[in-house]
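Here's the structure, in structure tokens; my notes come after.
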Amino acid sequence: MKKISFFARNFLVVLLLIASVVANGQAKKLPNIVILATGGTIAGAGASSTGSAYTSGQVKIEAMIDAVPNIRTLANLKGEQVANVGSQDMSVKVWLDVANRVNTLLKSNDVDGVVITHGTDTQEETAYFLNLVVKSDKPVVLTGSMRPSTALSADGPLNMYNAVALAANPDAKGYGVMVVMNDEIHAARDVKKMYSTPVQTFQSPQEGMIGTVIFGDILFFHKPSGRHTTNSEFSVDGVKSLPRVDIVYGCADMSTDLIDIMVKAGAKGIVIAGLGDGNMNAGTLEAVKRATKAGIPVVRATRVPIGAVLIKGEVVDADYGSVSSDELNPQKARILLMLALQKNRSREELQKLFIEY
Ligand code: GLU
């Protein structure tokens, strides 16, 4: 073999060094996104690609990232497995862990955004909780899937691709926490799970989606309403747990002792998933009065999917000591009440929170 000259060898070394500096520089130009995985159907697996039976939270985050073609061209990705559960098992403890982790990550100049993979059953609740306690305007995007990773036409990989594209986009700053599924971007405050199984489950029926993301291309339509993230007064700093708040579901001829039972069991606040405009039968209204007189706040929401609950409608809140949830559905009203109860507040102060957030 012909010997390479001393000069040529050094020249080659210099060339390689330059190439590696350029390559590093290019790699650094990609935004840095951390994916926090919590489980759900997106990480679910079943025995058959066409059967509906499966188990949530089976696939680990690194395998999920590797299953998405070209996703590493969007950002430098790091995955962290925070939990691996179906979101029916999501808990306040995991919420606090995720919120603290998101806040720590986003404080760093080395992190540009966070994606959270999550089951869809309670995704709107986690999104709204984070919307109230994340202290950064960098993008935080939740995503999931309706079909498990083993299914024919699994929707998880494209949802994850789109979620990373959104989190990596500097224009997505300041929108609060967002949910991306089925090519749509929804605001945490507005989004609702509307279908039990189809892929178009997430809708914002009152306010509309805030944008679309098609194979990573983003189009925003409007800014979300309500105070959130850097403009929110709520914080999880040093918080170890949240007070118990229960939801009472309204129906015709509902049992009138449910509120008393929950208060006796230790509830520090009650949300009513009321009928229509936050209504309930006369016996339950009396129970509301008993609870609020005993210092247990009661928030009237509605079991119907669209529309606000009026402060002065068929029920006038001031007469019962209750508060209207405004536009928040019962499960999100519960979250706001849990956070609000960290401090003593008058009925009027509570009502103001439900109007502003
Ligand atoms: N039980 C599942 C969950 O929320 C339902 C569907 C999903 O994962 O997205 O985790």
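Along the sequence shown, the residues carry numbers beginning at 1. When a ligand or atom number is given, it counts from 1 through the structure's own listing order.
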Distance under 6.0 Å and angle within 45° of the ring axis: does Lys223 meet both against Tyr175?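 The answer is yes; both the distance and angle limits are met.
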Name of the residue among Val179, Leu130, Val82 meeting side chain to side chain contact (heavy atoms under 4.5 Å, CB included) with Ile116: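 Of all the options given, the one that passes is Leu130.
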Could you list the residues that satisfy salt bridge (Lys or Arg N to Asp or Glu O under 4.0 Å) with [X], not counting sequence neighbours?
X      : answer
Glu80  : Lys78, Arg101
Arg347 : none
Glu233 : Arg227, Arg345

Under 3.5 Å donor-acceptor, Ser204 side chain and His186 backbone: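 Looks like no, no N/O pair under 3.5 Å.
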For ligand 1, what are the residues with a heavy-atom contact below 4.0 Å? Gly40, Thr41, Tyr54, Ser56, Gly86, Ser87, Gln88, Gly119, Thr120, Asp121, Ser145
